[in-house]
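Have a look at the structure below before the remarks.
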Amino acid sequence: MSHRQKPLTLARDEKGSIRVPFFRPSIGDAEIEEVVECLRSGWLTTGPRTRRFEEEFASAVGAKHSVAVNSCTAALHLAVEALGLQPGQAVLVPTMTFAATAEVVRYQGAVPVLVDCESKTLNMDLDDARRKLHEIADGQRLVGRQVEVVGMIPVHVGGRMMDMHAVRDFAARHGLWVVEDAAHALPAAFRAGPGEPWKRSGENTADVTCFSFYANKTITTGEGGMAVTDNETIAARIRQMSLHGLSHDAWKRQAGNNSWDYRIVAPGYKYNFTDIAAAVGLHQLARAEEMRLERQQIAEFYLEKLAAVDQLDLPELPANRIHSWHLFPIRLRLGDLSLDRNAFMELLRQRGVGCSVHWRPLHLHPYYEETFGWRSEHLPVATAEWQRLITLPVFPGMHDEERQHVVDVVVDLCAAHSTSRSWRRAA
Ligand SMILES: Cc1ncc(COP(=O)(O)O)c(C=O)c1O
């Protein structure tokens, strides 16, 4: 049975040039056949395939408990709810992240305190986190009001893990819980140094770790997410709140000797996962490392072929990380180019290279600016870096011609729009 599905021909425009999408999911025959079996089985919603997916997932990341839900956003929300986040409290959230990381704090009526990023990794800068905590302790109304900070939600941007030992030490020192937003980090691992043991994201690296199976993530079920934890009480609360706060779910009621007579024990949510999605997830999970290795090869190809381009800063290949390479962000050296990031991206698009930006930082979105008064100068690194960020396509099943096309176009554009004479002459 063939695992992977590659398109038979490359996508081309009317002039015959290759067009590379930003992402193409890698869906094999096994996923398709399992979905068909699930559809024929008579059980479509949360049931036996979801349970199997949860068990296999927990064992893959080294966690004791796992709860599958219908998005990473749902997992993050259930995690902060289970940890008791209350209105008026506050949580450290990186400004360099997707909407979900901060909005779940707002769902609870609490306030995200935005933290700047490290320029090298784009991950949360713990020095800035410390500064923000001190400012709050000094009585500064950083978010327009007095708040009590109770937790933090670090993100592994692009799948390059933060040092979770350092994060947990920081959290312990300040009495915070940690919810790890690992939407990009499956599979990913870190170690303290050469010879030290590897630790996977989710392997007791936080109070709760949350993963995403959105359409363009490292494994996908279309939409979906997983919360993992080693804490049985938190796992039970997350499971219960993922399905209306019921005392037991429909599969248990139908399949076991459990009573039909459930009880509503809390006003929960409708966040449960479906067996149709689990049918896809089981086979995606089995290929997670194989797909990561494919992405790593593409990342290494980009790193080698773009190394000599003076107008770019590239991500590093870190020694003490197993990088998921969900994203490959390049940064333009704007001083060496005659055009800005948006114009560069438009030219990439015209030349058939799908790309994106991860992300416009949260403090530069109207909601966070207007509600909490965040300004560029509060988060200077993210403010500067995002203006030169571009994410190139990286996905398993990418053809050699596609990755070569990406490199050719990026090199061409840098040469054509360089402000340095030697580059113009070389081009
Ligand atoms: C860092 C991060 N966190 C959370 C999410 C939310 O994931 P989901 O779409 O599964 O809710 C995303 C989605 O892109 C993300 O990039």
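One-based numbering, in listed order, for ligands and for the atoms of each.
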Original post:
Is it true that Glu103 and Arg106 make a salt bridge, defined as a side-chain N closer than 4.0 Å to a carboxylate O?
Top reply: no

**OP:** Please list all pairs passing the salt bridge (charged side-chain N to carboxylate O under 4.0 Å, His left out) test where one or both residues lie in residues 367-377, with sequence neighbours left out.
**Re:** none

Original post:
Can we say Glu54 and Arg239 salt-bridge, meaning some charged N sits less than 4.0 Å from an Asp/Glu carboxylate O?
Top reply: yes

**OP:** Would you please name every residue forming a salt bridge (charged side-chain N to carboxylate O under 4.0 Å, His left out) with Arg168, sequence neighbours left out?
**Re:** Asp207

**OP:** Quick one, list the residues around ligand 1 where some non-hydrogen atom comes in under 4.0 Å, by chain and residue number.
**Re:** Ser71, Cys72, Thr73, Thr97, Phe98, Ala100, Thr101, Val155, Asp181, Ala183, His184, Ser212, Tyr214, Lys217, Gly224, Trp359

Please list every donor-acceptor pair under 3.5 Å in which a side-chain atom of residues 119-126 meets a protein atom from a residue at least two apart or in another chain.
{"residue": "Thr121", "atom": "OG1", "partner": "Glu118", "partner atom": "OE1", "Å": "2.5"}
{"residue": "Thr121", "atom": "OG1", "partner": "Asn123", "partner atom": "N", "Å": "3.1"}
{"residue": "Asn123", "atom": "OD1", "partner": "Val157", "partner atom": "N", "Å": "2.8"}
{"residue": "Asn123", "atom": "ND2", "partner": "Arg160", "partner atom": "O", "Å": "2.9"}
{"residue": "Asp125", "atom": "OD1", "partner": "Asp127", "partner atom": "N", "Å": "2.9"}

Original post:
Any chance the side chains of Asn272 and Thr46 put a donor and an acceptor closer than 3.5 Å?
Top reply: yes

